[in-house]
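A short worksheet on the structure shown next.
Chain naming here is simple, since letters A, B, ... match the order of the sequence lines and numbering starts at 1 in each. Only heavy atoms go into these numbers, but all of them, side chains included; no hydrogens, no water, no symmetry mates. Model, not experiment: these values are computed from the prediction.
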Number of protein chains: 2
Amino acid sequence: MRGNTIIATESQLGRTKNDGVISRPSLMKELIARGIRITTQRRLLVQIIQDSPRHLDAAKLLEIAKERDAGIDRSTVYRTIGLLKGQGLIDELDLMHLEGEKHYYEAKTNRDHCHLACFRCGAIIEYASPAFEKLKDEMAKRGDFAIRVVRLEAGGFCRRCRKAAHSEPA
Amino acid sequence: MRGNTIIATESQLGRTKNDGVISRPSLMKELIARGIRITTQRRLLVQIIQDSPRHLDAAKLLEIAKERDAGIDRSTVYRTIGLLKGQGLIDELDLMHLEGEKHYYEAKTNRDHCHLACFRCGAIIEYASPAFEKLKDEMAKRGDFAIRVVRLEAGGFCRRCRKAAHSEPA
DNA sequence: ATTCTAGTTGCAACAGTGTTACAACTGGGA
DNA sequence: TCCCAGTTGTAACACTGTTGCAACTAGAAT
């Protein structure tokens with residue numbers, strides 16, 4: 001079963017005393033706090049994004065939304081994504097374009113993290129570590145650059161798929 | 001003048017005794033060495049990619065190629081990009097989608113590097129550092145993942161634009 | 001130099017993503 | 001309850017990237 005499964009959140013691996021577990025603040029609360037108009041459609045879409053255990057692309061998001069509001073339109077999905085992105089409340093991912101040119105979205109977490117995408121099985125491993133934080137700081141300082149969004153993605157092969165490729169040579 | 005200017009290669013910043021300057025091996029030589037058929041179109045496209053000082057997207061690449069071979073087709077450009085990507089000879093970048101949904105390409109360098117994209121002026125700063133190498137190693141080891149391609153992109157504001165925004169508030 | 005063919009090209013049609021002008025609708029403040 | 005700035009659905013659009021197919025060609029064999 002290919003595609004977009006989060007195998008593990010690796011934040012624990014990089015944990016030091018001050019590292020927390022990855023958490024996602026409420027998008028709705030944020031929107032309200034910022035005085036942004038809450039429409040039926042936005043409430044629905046935000047809820048779906050917030051609650052989804054996997055990374056959704058625009059088409060999938062629309063599909064799910066239509067189950068609860070058949071009338072909702074593609075353009076509203078894109079506009080809402082644009083809104084959330086503009087507010088810095090969601091991150092946009094490519095996941096190494098494992099399947100097509102989709103973009104995936106996830107509610108912004110309290111800690112930035114990387115995504116490792118397996119070319120064979122499509123699994124997505126999330127990985128956060130202090131080394132990433134250090135690198136960001138270094139880039140900002142030495143590149144003299146005010147970073148607003150960072151995206152680190154890697155493509156390759158997960159442990160399971162390396163083993164599988166060994167035992168049953170393609 | 002917005003878009004896709006490489007302000008500086010920052011490899012020097014992160015230099016230690018073993019860091020070299022970023023260099024790009026010859027794509028043509030690699031293709032020949034791998035026994036890949038060299039057509040007129042491929043030679044042309046590869047040359048353009050190799051010689052370009054800036055990051056090209058498919059459309060721009062086609063436009064430049066047409067100056068020298070008016071008959072060349074869009075699909076050939078995409079197929080050649082696919083070939084080079086598959087051979088691991090070029091890297092695909094999004095540059096934070098500063099303008100549209102284009103993908104940009106650059107000949108693979110001897111050292112991976114990050115791209116910092118300025119949301120205001122569109123400048124692209126390339127940044128390589130040992131900290132990036134360390135992070136890659138750590139991810140591979142602790143995530144138990146065989147990394148084939150890595151992409152680290154950041155969006156934000158370069159020094160010049162932060163200053164400009166200060167003096168002439170938009 | 002000539003022949004031959006697997007691999008490549010141009011073409012044309014297509015699917016999918018993301019954008020936009022506009023008229024109708026609505027959230028939420030007065 | 002009223003009202004209107006802001007949002008929505010609609011329908012068109014531009015653009016990226018893909019694919020089946022017939023014609024062409026690089027380069028190995030002769």
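- Between B/His97 and B/His103, the two ring planes are tilted [angle within 30° to 60°].
- Atom pair A/Lys102:NZ and C/dG16:C1' shows a separation of 8 Å (rounding to whole Å applied).
- In this structure, CD of B/Glu101 is placed 6 Å from P of C/dT19, rounded to the nearest angstrom.
- Dashed line: the shortest gap from a side-chain N or O of A/His103 to OP1 or OP2 of C/dT17 is not under 4.0 Å.
- Judged by the 6.0 Å distance and 45° axis criteria, A/Lys136 is positioned over the aromatic ring of A/Phe132.
- Here B/Thr40 reaches the OP1 or OP2 of D/dA26: one of its side-chain N or O atoms lies under 4.0 Å away.
- Put simply, CZ on A/Arg43 is 14 Å from P on C/dT26, counting in whole angstrom units.
- Not a single donor-acceptor contact under 3.5 angstrom links the side-chain atoms of A/Arg79 to the base of C/dG18.
- Residue contacts shown for A/Gly100 are absent, as no nucleic acid heavy atom lies under 4.0 Å away.
- Rounded to a whole Å, the CG atom of A/Leu84 is 14 Å from the C1' atom of D/dT7.
- For D/dT18, neither phosphate oxygen OP1 nor OP2 lies less than 4.0 angstrom from any side-chain nitrogen or oxygen of B/Tyr78.
- Residue B/Thr39 is classed as a sugar-phosphate contact, given heavy-atom separations below 4.0 Å to backbone atoms only.
- At whole-Å resolution of the value, CG in B/Asp73 and C1' in C/dA12 are 9 Å apart.
- In this entry the distance linking CG of A/Asp69 with P of D/dT7 reads 17 Å, nearest Å.
- Sequence order on DNA chain D of the closest nucleotides to A/Ile36 and B/Glu92 puts A/Ile36 first from the 5' end.
- Between B/Tyr104 and B/Ile124 there is no side-chain heavy-atom pair separated by less than 4.5 Å.
- A/Arg74 has its CZ atom 11 Å from the C1' atom of D/dA11, to the nearest Å.
- For A/Arg37, counting side-chain heavy atoms from C-beta on, the closest listed nucleotide (D/dT16, C/dG10, C/dG28) is C/dG28.
- The CD atom of A/Gln41 sits 11 Å away from the C1' atom of C/dG27 (whole-angstrom rounding).
- A side-chain contact (heavy atoms from CB on, under 4.5 Å) with A/Leu56 is found for exactly one of A/Ile81, A/Ile48, A/Leu45, namely A/Ile48.
- A distance-only check finds a donor-acceptor pair linking the side chain of A/Gln50 to the backbone of A/Leu27 [under 3.5 Å].
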